[in-house]
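Written below as structure tokens is the structure these notes are about.
The figures here come from the full heavy-atom set of this structure, side chains too, leaving out hydrogens, waters and symmetry mates. Since the structure is predicted, the reported quantities are computational estimates derived from the model, not experimental observations.
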Amino acid sequence: MNATSFIFFGLMLIPFIVFIVWLIKQDKKRNYLGLAVLLAAIIVAVIVAIYVDAKYMKMH
């Protein structure tokens, strides 16, 4: 991954994490199952994005 990708991840990931923390604080029942599913989806999305970016960088 190049520097632009890291900057993009940083600019998108930091506000998203802040939003998720705020969202968790709003949940009075503290449903952690939804949080676990959300975190798993985020991890999969990041892995796919890194894989696709690496594949694209090899081609060009």
Side-chain angles (χ1 to χ4, degrees):
M1 289 177 52
N2 57 16
T4 307
S5 296
F6 286 119
I7 292 171
F8 177 76
F9 271 118
L11 289 177
M12 297 304 288
L13 195 59
I14 292 170
F16 184 70
I17 290 172
V18 170
F19 173 72
I20 293 299
V21 169
W22 175 81
L23 199 60
I24 292 168
K25 287 183 180 183
Q26 300 300 315
D27 186 14
K28 301 299 181 202
K29 295 180 184 177
R30 300 284 186 232
N31 187 0
Y32 291 110
L33 179 61
L35 178 61
V37 170
L38 183 62
L39 287 175
I42 292 169
I43 291 169
V44 169
V46 168
I47 290 170
V48 168
I50 291 171
Y51 175 75
V52 169
D53 186 53
K55 190 175 180 181
Y56 176 76
M57 293 304 283
K58 283 183 182 180
M59 291 172 52
H60 291 89

Joining Ile, Leu, Val, Met, Phe, Trp and Tyr whenever any side-chain heavy atoms lie under 4.5 Å apart, the cluster holding Val37 also takes in none

In chain order, what residues pass the side chain to side chain contact (heavy atoms under 4.5 Å, CB included) check against Ile42, with sequence neighbours excluded?
-> Phe16, Leu38, Leu39, Val46

With sequence neighbours excluded, tell me which residues meet side chain to side chain contact (heavy atoms under 4.5 Å, CB included) with Phe19.
-> Trp22, Leu23

